[in-house]
Amino acid sequence: MRKEKLAEEDFIEDPRYKQCNKEALLGLGLGLLNLVWWFAWGYGLGLKPPEEYTYVLGLPMWFFMSCIAGALLFTVLAVVMVKKFFRHMPLGEIEAQDGAESGASGEVR
Amino acid sequence: MAGARLDVLIPLIIYSIVVFLLGFYSLRFVSRAARRAGKGFLAEYLTGDRNMGGFVLAMTLVATYLSASSFIGGPGAAASYGLVWVFLAMSQMPTGYFTLSVLGKKFAIVARKINAVTVTDFLRERYESKFLIAIISVSLVFFLIASMTAQFVGAARLLEGAAGISYQVALTFFGLTVLLYTIIGGFRAVALTDTLQGLVMTAGMILLFGATIYAGGGVTRIIQELYAIDPGLISPLGTDPGTTSVAWVTSFWILVGFGVIALPQVATRAMSYRDSASMNSAIIYGTVVSMVLLLGMHLIGAFGRVLVGEVASGDLVVPVLTTHLFPNWLAGLVLAAPLAAAMSTVDSQLLVAVGAIVNDVYANLINRRIKRAAGFTLGCSIAIGAIVFLCAFNPPELLVWLNLHAIAGLIATFLWPVLLGLYWKRANTAGAFASIIAGAGSYLFLSSKLFQRWLGELAAASPQLLESAFFVNLQAGRTLGMHTVVAPVLISLAAFILFAYLTPRPSSAVIRKFWGV
């Protein structure tokens, strides 16, 4: 097991990938959170009999929270995700040395 | 023609002229690239030399995955099932940020490392199997032809109804427009026209949305009228809780939300942008635009119910609403939106089909030194376009069936080989093969008549089975109450992991190529 690991690591992994993996996980996490929000409000409030519904701006509360507020919230969260956590990096070929630096500082414009 | 409504047609004709101009603009790049050898030409024709900026990337992504069905079929379903269908459509909301962030910059970096111009290029380099590529490319072409034919038919019917021209004329108008600009301009023309089409879709939606609410007397009144027609129209269970059940509606997050990442026409976009700044801003634009369009169009359908009542066919709700609410010349502008949605889906699919034949099969499997790349590509685009066009006159039954299963079939086939190939070093050829066979196979089996007949025999043998919800769901094509696509996605994941661990890890050359500097 240990030997295999070593064999795999005897090359320099593209240093940009660390940040790439982080961004992918963030996107996945945001998607799952979006699903939870949508499901919890939609079915949490919506499964009551319709005569007991409360309304916001004319729309049933379950729909408003799940779809309208959810859409706005997750748009804002997507903006925050990109602005706060996503980094700029070169996408083309990099030299091993450059790459190590860009991976460390994360910001290469 | 006798019933032709010129005032509806003229805005549409102007629109198609603008689209042509964008095609001719891109032709300059394409003909410059035609002097390059093999791959050089295809890089321009299939990815626009990876030069998309953020706004164009966002618009082409959204316009590609929002097809005519989001503008016609979806709102129609919302009119008959109610708010639940808007709720269901919101499962597509993440696509704007999910696709780009999960395939991410890594996909763009890898595509540059291995000089991939199609998703199949990526799979070929990663799994090193010609056989795998041959299967994938051939099935891809079939699925895409079917799906394009359906878009052609939908668009032509819409034009026929709205402009009062015959189906054949409508089909010719639509077909010539979309085929001409795509064939001469390649990916650059597609991305630019998609941007225009995205804007047209948004403008049409906003006009129609405003008019619907105004004519209905405000949101509060519309919702109360819906409640009076049927309380189910404003409940997340819908008017028919058996159809729009909790599990089924939720499973659309896999079919149209997260799974979209695996569609080749969508994934190609994630390797064709200019730089990391384009991707970052595309996530923001894409999320906003897709959220507005999805919410708006489906609400129009749901609210429209109070204005047009129950229309014979759901597909007629949007056209009827449009002609009902607007003067003719404005109706033409608004109806350009669903036509744009159909065009922007077809054009991307056509390029993926052309890429599968020219790049994946011809250039990579048959003739590695493709000399007259430009001529061959052009001929191939025209041939596929002609096939789709002819099929749309009278769609063969096989195509109708293929289209019904195109999206789910592509997801069951591509999802794990792309995702795991990108992020999991241990992913190898055997795993990818197992995943594709298990995914596509189980999907075909679960949606086949054979399986239904077999269930029927089982029920006849022991009638008490019909009392179990599990069994009744299976008969309705729902495994555990969810859409048919869910089980194959899970099965193909399990098959991938199992077979990957049973067989040797991929060669270190592949790992170096994909993960090394």
Side-chain angles (χ1 to χ4, degrees), chain A residues 4 7-8 10-17 19-21 23-28 30-31 34-35 38-39 42-43 45-51 53 55 57-60 62-63 66-68 70-72 74-75 77-79 81-83 86-96 99 109, chain B residues 50 83-84 86-87 90-91 93-94 96-106 108-109 112-113 218-224 227 231-232 234-237 246 249-250 253 257-258 273-277 279-281 283-284 287-288 291-292 294-295 422-423 425 505 508 511-512 515-517:
Chain A
E4 276 181 1
E8 206 179 88
D10 70 349
F11 69 100
I12 306 169
E13 180 162 320
D14 194 317
R16 294 168 290 183
Y17 285 179
Q19 173 65 20
C20 291
N21 294 347
E23 294 182 4
L25 284 175
L26 278 169
L28 180 67
L30 190 65
N34 198 344
L35 168 60
W38 171 93
F39 189 93
Y43 290 119
L45 291 180
L47 291 183
K48 293 192 285 200
E51 48 272 25
Y53 283 171
Y55 295 85
L57 300 176
L59 293 162
W62 70 265
F63 183 81
S66 171
C67 296
I68 310 281
L72 294 174
F74 281 88
T75 304
L77 288 179
V79 174
M81 172 176 87
V82 168
K83 296 262 174 203
F86 278 31
R87 296 280 154 79
H88 291 298
M89 59 179 78
L91 299 176
E93 297 239 341
I94 50 165
E95 297 289 318
R109 267 283 232 176
Chain B
R50 304 192 210 286
L83 284 184
V84 63
V86 190
F87 182 58
M90 287 311 281
S91 63
M93 154 92 193
Y97 60 81
F98 193 79
T99 317
L100 283 177
S101 57
V102 171
L103 285 176
K105 288 160 192 154
K106 191 165 182 186
I109 292 173
R112 284 163 167 83
K113 278 190 206 288
V219 176
T220 307
R221 206 171 131 198
I222 293 173
I223 293 288
Q224 290 315 315
Y227 178 77
I234 64 163
S235 144
L237 289 175
V246 176
V249 169
T250 307
W253 279 75
F258 304 141
Y273 50 84
R274 190 188 311 134
D275 51 24
S276 59
M279 179 192 124
N280 288 1
S281 57
I283 291 183
I284 298 175
T287 306
V288 172
M291 182 262 282
V292 167
L294 284 167
L295 202 53
L422 191 58
Y423 287 104
K425 288 199 186 90
R505 53 182 63 240
S508 61
I511 297 294
R512 262 166 222 276
W515 271 271
V517 175

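Residue numbers begin at 1 in each chain, while the letters A, B, ... track the order of the sequences.
Considering only heavy atoms from C-beta on, A:C20 comes within 4.5 Å of A:M89 through its side chain. Annotation: side chain of B:V246 is in contact with side chain of A:F39 (closest heavy-atom distance under 4.5 Å). For the pair B:K105 and B:N280, the minimum side-chain heavy-atom distance is below 4.5 Å.
The part of B:L237 that comes within reach of chain A is its side chain, from C-beta onward, which places non-hydrogen atoms under 4.5 angstrom from that chain. Within the 4.5 angstrom heavy-atom criterion, only side-chain atoms of A:W62, from C-beta onward, approach chain B. Only the side chain of B:I283 comes within contact range of chain A, with at least one heavy atom under 4.5 Å from a heavy atom of that chain. Only the side chain of A:K83 has a heavy atom closer than 4.5 Å to any heavy atom of chain B. Proximity to chain A (any heavy atom under 4.5 Å) is restricted, for B:L295, to the side chain, taken from C-beta onward.
By number of non-hydrogen pairs under 4.5 angstrom with chain A, the leading residue of B:V292, B:L83, B:L422, B:D275 is B:L83. If you tally non-hydrogen atom pairs under 4.5 Å between each of B:V219, B:I222, B:T250, B:L103 and chain A, the highest count goes to B:T250. Interface remark: of the candidates A:L35, A:L72, A:L28, A:L35 forms the most heavy-atom pairs closer than 4.5 Å to chain B. For the options A:G46, A:G42, A:A71, heavy-atom pairs under 4.5 Å to chain B are most numerous at A:A71. No other option in B:G218, B:G104, B:G96, B:G516 has as many heavy-atom pairs under 4.5 Å with chain A as B:G516. If you tally non-hydrogen atom pairs under 4.5 Å between each of B:M279, B:R274, B:R221, B:K113 and chain A, the highest count goes to B:K113. Contact tally against chain B (heavy-atom pairs below 4.5 Å) for A:G70, A:S66, A:G31, A:P49: the top residue is A:G31. Contact count against chain B (heavy-atom pairs under 4.5 Å) is highest for A:L91 among A:T75, A:L57, A:L91. If you tally non-hydrogen atom pairs under 4.5 Å between each of B:T99, B:V249, B:V84 and chain A, the highest count goes to B:V249. Contact count against chain B (heavy-atom pairs under 4.5 Å) is highest for A:E13 among A:E13, A:E51, A:M81, A:E93.
Note: B:S101 OG to A:L30 CG = 7.5 Å, rounded to the nearest 0.5 Å. Between A:Q19 atom CD and A:D14 atom CG the span is 12.5 Å, to the nearest 0.5 Å. For the atom pair CZ (A:F86) and CD (A:E23), the distance works out to 4.5 Å, reported to the nearest 0.5 Å. We find the CE-CH2 distance between B:M90 and A:W38 to be 10.5 Å, quoted to the nearest 0.5 Å.
Aromatic rings from A:F63 and B:F87 are positioned such that their centres are separated by 6.0 Å or more.
Residues passing the side chain to side chain contact (heavy atoms under 4.5 Å, CB included) test with B:S91, sequence neighbours excluded: B:F252, B:W253, B:V256.
In this structure, B:K106 satisfies the cation-pi test against A:Y17, with its NZ or CZ atom closer than 6.0 Å to the six-membered ring centre and inside 45 degrees of the ring normal.
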